[in-house]
Structure formats: structure tokens, C-alpha cells
Chemist: 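Quick one: this structure, given as C-alpha cells, is what I'll be asking you about.
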Amino acid sequence: MIGQMARDLGVTTRFVAAFAQGASYAYKTYTIRKKGGGFRTIDHPSKQLKAMQRWLLLYLLNGLPIHPAAAAYRKEKSIFDNAGLHAGSRYLLRMDCKDFFHSITDDDLRMLIANRPGTFSAWTPYETDLFCKLVCKGGRLTIGAPTSPTLSNAVCYDMDTQLSEISDKLEVTYSRYADDLFFSTKLPNVLPALESTVASTIANLTLPRNLTINPAKTRHSSRGRTRRVTGITLGSDGKPYIGRGLKRKIRAMVHQLDALDTKRRGSLAGLVAYAGGFDPDFVNSLITKYGHSTVAKARTLPVE
């Protein structure tokens, strides 16, 4: 693995090995304000480290099994697909995993590697150690590394399997969008009892072993009140709609289009594309306000 990556990137294996030892220091760290208050820490890898992480993502990690319930960080799925799963239900439970990326450690990755010998081709302990150093900062996944989303989904495969099996027995639909867990059903009095089962299931996981539920962010809702899934409003008619908050977000991103980085440009392209499918009048309003060429640019996926 290390040898092939070094050859593809035009460096030596000795360079990769030496670089990995100090990879935790090859990040630029900054904070952004959270929508609900407080700040989120972003660790942006250096150009060299990001090149290595992208190689690992392209040639190794993209082949890892991901559970169908995992809806985030997948090209074939979007926030609208995730919301659509729950739109026809009457009752909704949302639970949040605290410090999601930072709770996944290099010990979890070592267990993942041991559990997937076909993907990791019986790596030596030395190769495993280098890999963990290249994708972790201080022994933990970070928000900002291109490898973190796929690794988090792969590590959570067993968790998603268990929660899906529990939900299926109760006629509940389960999906996970990164750290947000969603459960919905047409049956009354099911989700309140499920809440404690979910928390205990996650607390007893061996992979990942450090995830915990943040009870302050647990929310129950029904058709009698506003239900939202990943920013999408679930209507009483059983259909998902773009809420006012998401519309404001899209407008703000279009307004700041030229200042967006590649990742946010890609996110905006997906948002505008799906918004057109759900609410073409909203997209027309964007064209009226910002011009056809600007909206067309917003719809185009950026080339890295």
C-alpha cells in the first residue's frame, strides 16, 4: 500500500514513513460557528497530507462496505433521499452522537482493518500504524480530512446493522446521516421506548467503542408539529419539502459563490439540483435574483 502510494505521488516510501510520524502536525486548525450555538473545530490537512489521504480514499477506502442505512457522504444519496425515507411516517425520533468524528479512534481503525482482511490484504502492524497516522490527528478522526467521512461510515457498519435490525422488528424506519440518527414509524408509543434501547446499544458497541448519545439533542416530533430531517421539512401530506431555513442557506451560498471552497461548491451543486426537483419555483426565484449564468455555475460540480 505505502509503496504504491509513494510511486503514484512521486515520492519515496522513506518520505511517506517519515511524514506519517509527524502527520498530526500537518493540519491548519480553525473554528466555525455552529447553527445552534457554539463552535466546530475544523482540521484542514496540508497539501501533501491531503494528497496522501485522497489516494487512500480513491484506491482503498472507497471499496469498504457501507450499510444502506448510512445516508451521508455517498454520491448516490442526498439529504433529500434521507428525508424521503421518513416522509410517510407519523412519528419521528432524532438522536445525536456526541463528538462523532473525534470519538472514532485509531483503535477503532485497527479493529476495522483486522475485520476486513480482504480489503486490507493482511497488512503488517507497521503498515497499519502508518495508515492510522496518515488519517488521524492525535489518534482520532478529524473534521476536514477527506478520509474521515468514508472511514466513519465503514466503522459504523455494525452499529447501523444492529440499529436497523432493532428498528425492523418494531416496524420503524432507521437511517443515519453522519452523527444524526433518525427513526420514524406510523405506530404510536413505539419511539419513546426505542430511545433507551438505542442509547444502550451504542454504549455496548465494540466498534466503534466510544460513541455516546447527546441527550440534549434528542427530539421527538409528529405530524401535529414541524418535523425536519437533515434540514428538509416533512409535510403532513407525506412528502418532503425544502424548508425556509434551507432556502436561506442556498441563497446565501449562491450569493457567496465565488468565495466558496471546492467542498462547499460541491455541496451547493447538489442542493440546487435537488431543490429543482422538489421546488422548481424556488430555483426560478434564484435565477431572477442572481441571473441564469450564476445559478448555472452554482449547479456545476467544481473540478478539483
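Start at 1 with the first residue, then count along the sequence. As the structure is a prediction and not an experimental result, all values here were calculated from the model.
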Chemist: If two hydrophobic side chains count as joined below 4.5 Å and joins carry through other members, does Ile66 share a cluster with Val135?
Modeler: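 No, separate clusters.
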Chemist: In terms of side-chain heavy atoms, does Asn153 have a donor or acceptor partner in Arg176 at a distance below 3.5 Å?
Modeler: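 Present: a donor and an acceptor within the cut-off.
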Chemist: Taking atom types as modelled, find out whether Asp8 and Gln4 have a side-chain donor-acceptor pair closer than 3.5 angstrom.
Modeler: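 Looking only at side-chain atoms, Gln4 and Asp8 do form a donor-acceptor pair, the distance falling under 3.5 Å.
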Chemist: Would you kindly confirm whether Ile166 and Leu207 end up in one hydrophobic cluster when ILVMFWY residues are joined by side chain heavy atoms under 4.5 Å apart?
Modeler: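 Same cluster: Ile166 reaches Leu207 through Ile, Leu, Val, Met, Phe, Trp or Tyr contacts under 4.5 Å.
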Chemist: Looking at Asp96 and Arg219, is any side-chain nitrogen of the basic one under 4.0 Å from a carboxylate oxygen of the acidic one?
Modeler: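 No, no charged N to carboxylate O under 4.0 Å.
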Chemist: Using only heavy-atom distances, determine whether the side chains of Asp43 and Thr29 contain a donor-acceptor pair under 3.5 Å.
Modeler: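 The criterion, which ignores hydrogens and geometry beyond distance, is satisfied for Thr29 and Asp43.
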Chemist: Can we say Asp129 and Arg110 salt-bridge, meaning some charged N sits less than 4.0 Å from an Asp/Glu carboxylate O?
Modeler: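 Salt bridge: yes.
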Chemist: Would His255 and Lys289 count as having a side-chain donor-acceptor pair, cut-off 3.5 Å?
Modeler: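 The criterion, which ignores hydrogens and geometry beyond distance, is not satisfied for Lys289 and His255.
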Chemist: Please tell me whether Val11 and Leu57 are part of a single hydrophobic cluster in this structure, the criterion being side-chain heavy atoms less than 4.5 Å apart.
Modeler: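 Yes, same cluster.
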Chemist: Applying the side-chain contact (heavy atoms from CB on, under 4.5 Å) test to Phe100, which of Ile143, Asn214, Asp179 qualifies?
Modeler: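 Only one option passes, and that is Asp179.
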Chemist: Show, in sequence, the C-alpha distance, side-chain angles and deciding distance for Tyr91 and Asn189, and conclude whether the side chain to side chain donor-acceptor pair (under 3.5 Å) test is met.
Modeler: CA-CA 9 Å; Tyr91 305 96; Asn189 305 317; over 6 Å; no
Chemist: Would Ile113 and Val155 show up in the same hydrophobic cluster when neighbours are defined by side-chain heavy atoms closer than 4.5 Å?
Modeler: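 Yes; Val155 is reachable from Ile113 via cluster members.
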Chemist: Under 30°, 30 to 60°, or over 60°: which ring-plane class applies to His67 and Tyr157, parallel, tilted or perpendicular?
Modeler: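 Taking Tyr157 first and then His67, their aromatic rings stand perpendicular (interplane angle over 60°).
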Chemist: Is a salt bridge present between Asp106 and Arg140, judged by a nitrogen-to-oxygen distance below 4.0 Å?
Modeler: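 Salt bridge: no.
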Chemist: Leu61 and Ile2: same hydrophobic cluster, using ILVMFWY side-chain contacts below 4.5 Å?
Modeler: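 Linked, Leu61 and Ile2 end up in one cluster.
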Chemist: Can you see whether Thr142 engages His102 through a side-chain donor-acceptor pair at a distance of less than 3.5 angstrom?
Modeler: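 No donor-acceptor contact under 3.5 Å links the two side chains.
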Chemist: Relative to each other, are the rings of Trp123 and Phe120 parallel, tilted or perpendicular (30° and 60° limits)?
Modeler: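 Because their plane-to-plane angle is over 60°, the rings of Trp123 and Phe120 count as perpendicular.
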Chemist: Take Asn210 and Ser103 through the side chain to side chain donor-acceptor pair (under 3.5 Å) test and state the conclusion after the steps.
Modeler: CA-CA 6 Å; Asn210 297 311; Ser103 294; over 6 Å; no
